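Just passing along the structure, written as structure tokens.
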Amino acid sequence: LKRIAVMTSGGDSPGMNAAIRAVVRVAIHEGVEVWGIYNGYAGMYEDNMVKLESRSVGDILHRGGTFLGTARCEIFKTLEGRQKAAENLKRRGIEGVVIIGGDGSLTGAQLLSELGIAVVGLPGTIDNDIWGTDYTIGFDTAINTVVEAINKLRDTASSHGRVMVLEVMGRNSGWIAMTAGLAGGAEQILIPEMTVNLDDLCTKLSKSRDAGKKYSIVVVAEGVGSAVTIGEKIAKDTGLDTRVSVLGHIQRGGSPSVFDRILASTLAEHAVMALISGISNVLFGSKNGAVVAIDLVDAIGHKRTIDTSTFRLATLLSK
Ligand code: F6P
């Protein structure tokens, strides 16, 4: 194997830069040339790529986002689009690609492999919704950002005796809400994986106020619905002074945590070594603290569920 490429795709996540840096430096150490593809599949289709050296990835380890850029690309969903992208790689002699991204990006990777390009995936998304790995790159940084927001909301909620409703990201997954809710001590956590009954929620909030709770934090995963609507219902049904915050893309930025940098660097090393050994169509992840290779078709073919024991504990501790 002489030449590989690396790219980031889909929504960015903190730690993507750390992964790119590790791919480039491990590959060069192994005598393999590396190209960086700009803007994910869009750049692959447009032949927008550059040869990367060790120095090209200096000063990025601590930065959020992805210096290669990223995109969600419609044209790659067509066979013609994929064929043109694969031809661009072949013309440059690129035999394998490390693709860092979420579910959709890994599905694209599998399709690209059917056109004769070796692919290895790395789970890059704040959502932590990839099957087969305990953690995705960026999740830890994102939940730390959410917990920081909860801490700040607590200060002001406590001063005013309010209900604070906080909407967090995660698409259809409740991992961000559940984990940050546990770490931040939220009174109520609403996630799409568990039945949400808003009348029950209002009753519980009223009861805890009657039982002496001065204030409450309600964390809502965006997959459940709008926190604004939920906040309006709480205010109307309970009469409690209620405010709503939507954290939004603040969760996607920021310097990656130590955990995300180490996860990204370790998985990236495995990805490069796999391509060099002739292994492809796998996703590298972390399971019980060890690096694991997951078949790409399994990773994209299964929906990751939540860890119900974490949800149960969060509920128990919020009493
Ligand atoms: O997948 C990451 C994510 O941040 C989701 O949590 C969120 O639903 C979505 O991307 C937002 O997408 P965009 O950045 O395109 O608005």
Side-chain angles (χ1 to χ4, degrees), residues 7-19 38-43 63-77 99-109 121-150 165-181 183-184 186 189-194 196 219-230 244-257 260 263-264 283 285 299-300 302-306:
M7 67 177 228
T8 48
S9 165
D12 63 356
S13 69
M16 281 184 161
N17 277 327
Y38 289 116
N39 306 327
Y41 292 110
R63 295 185 199 280
T66 158
F67 93 105
L68 286 175
T70 186
R72 295 191 167 104
C73 175
E74 285 306 311
I75 190 90
F76 199 79
K77 292 182 181 156
I99 294 171
I100 310 161
D103 220 25
S105 311
L106 298 173
T107 304
L122 293 181
T125 166
I126 63 164
D127 297 340
N128 210 31
D129 60 348
I130 309 278
W131 189 88
T133 182
D134 290 340
Y135 297 107
T136 57
I137 298 163
F139 171 65
D140 182 66
T141 307
I143 55 176
N144 274 285
T145 302
V146 176
V147 170
E148 202 183 309
I150 294 175
V165 185
L166 175 66
E167 181 181 312
V168 300
M169 282 186 166
R171 206 177 289 274
N172 301 315
S173 160
W175 273 96
I176 294 178
M178 178 182 71
T179 318
I189 302 169
L190 310 185
I191 57 172
E193 292 88 345
M194 305 295 274
V196 173
V219 176
V220 180
E222 64 177 350
V224 166
S226 158
V228 174
T229 316
I230 293 171
V244 175
S245 304
V246 179
L247 195 53
H249 286 79
I250 288 171
Q251 289 157 97
R252 284 255 294 274
S255 180
S257 66
D260 278 329
L263 181 69
L283 165 81
I300 59 182
H302 292 85
K303 192 176 155 34
R304 183 166 189 208
T305 54
I306 57 138

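Each ligand, and each atom within it, is numbered from 1 in the order the structure gives. The basis for the numbers below is simple: all heavy atoms, side chains too, and nothing from hydrogens, waters or symmetry mates. What you see is a predicted model; the values in this text were computed from it and never measured.
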**OP:** Any pair with a residue in residues 131-150 that passes salt bridge (Lys or Arg N to Asp or Glu O under 4.0 Å), sequence neighbours left out, goes on the list, sorted by first then second residue, please.
**Re:** Asp134-Lys287, Glu148-Lys152

**OP:** Would you please name every residue forming a side chain to side chain contact (heavy atoms under 4.5 Å, CB included) with Tyr38, sequence neighbours left out?
**Re:**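 So Tyr38 forms a side chain to side chain contact (heavy atoms under 4.5 Å, CB included) with Asn48, Val50, Leu68.
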
Tabulation required: pairs of a nitrogen or oxygen in ligand 1 and a protein nitrogen or oxygen under 3.5 Å; columns are atom names and distance to 0.1 Å; otherwise 'none'.
{"residue": "ligand 1", "atom": "1 (O)", "partner": "Asp127", "partner atom": "OD2", "Å": "2.7"}
{"residue": "ligand 1", "atom": "1 (O)", "partner": "Arg171", "partner atom": "NH2", "Å": "3.4"}
{"residue": "ligand 1", "atom": "4 (O)", "partner": "Arg252", "partner atom": "NH1", "Å": "2.8"}
{"residue": "ligand 1", "atom": "6 (O)", "partner": "Asp127", "partner atom": "OD1", "Å": "2.7"}
{"residue": "ligand 1", "atom": "6 (O)", "partner": "Gly170", "partner atom": "N", "Å": "3.0"}
{"residue": "ligand 1", "atom": "6 (O)", "partner": "Glu222", "partner atom": "OE2", "Å": "3.4"}
{"residue": "ligand 1", "atom": "8 (O)", "partner": "Glu222", "partner atom": "OE2", "Å": "2.5"}
{"residue": "ligand 1", "atom": "10 (O)", "partner": "Arg72", "partner atom": "NH2", "Å": "3.4"}
{"residue": "ligand 1", "atom": "10 (O)", "partner": "Arg171", "partner atom": "NH2", "Å": "3.4"}
{"residue": "ligand 1", "atom": "10 (O)", "partner": "Arg252", "partner atom": "NH1", "Å": "3.2"}
{"residue": "ligand 1", "atom": "12 (O)", "partner": "Arg72", "partner atom": "NH1", "Å": "3.4"}
{"residue": "ligand 1", "atom": "14 (O)", "partner": "His249", "partner atom": "NE2", "Å": "2.9"}
{"residue": "ligand 1", "atom": "14 (O)", "partner": "Arg252", "partner atom": "NH1", "Å": "2.8"}
{"residue": "ligand 1", "atom": "14 (O)", "partner": "Arg252", "partner atom": "NH2", "Å": "3.0"}
{"residue": "ligand 1", "atom": "15 (O)", "partner": "Arg72", "partner atom": "NH1", "Å": "2.5"}
{"residue": "ligand 1", "atom": "16 (O)", "partner": "His249", "partner atom": "NE2", "Å": "3.1"}

**OP:** For the residue pair Glu167 and Ile230, establish whether any side-chain heavy-atom pair is separated by less than 4.5 Å.
**Re:**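 Of all side-chain heavy-atom pairs linking Ile230 with Glu167, none is under 4.5 Å.
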
**OP:** Please round to the nearest 0.5 Å and tell me the distance separating atom CG of Asp12 and atom CD1 of Ile126.
**Re:**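 Taking CG in Asp12 and CD1 in Ile126, the distance rounds to 8.5 Å.
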
Original post:
Can you tell if the side chain of Leu247 reaches within under 4.5 Å of the side chain of Met169, non-hydrogen atoms only?
Top reply: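 They are not in contact (no side-chain heavy atoms under 4.5 Å apart), so the answer is no.
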
Determine all donor-acceptor pairs shorter than 3.5 Å in which one atom belongs to a side chain in residues 171-180; sequence neighbours excluded.
{"residue": "Ser173", "atom": "OG", "partner": "Trp175", "partner atom": "N", "Å": "3.3"}
{"residue": "Trp175", "atom": "NE1", "partner": "Thr305", "partner atom": "O", "Å": "3.3"}
{"residue": "Thr179", "atom": "OG1", "partner": "Trp175", "partner atom": "O", "Å": "2.7"}

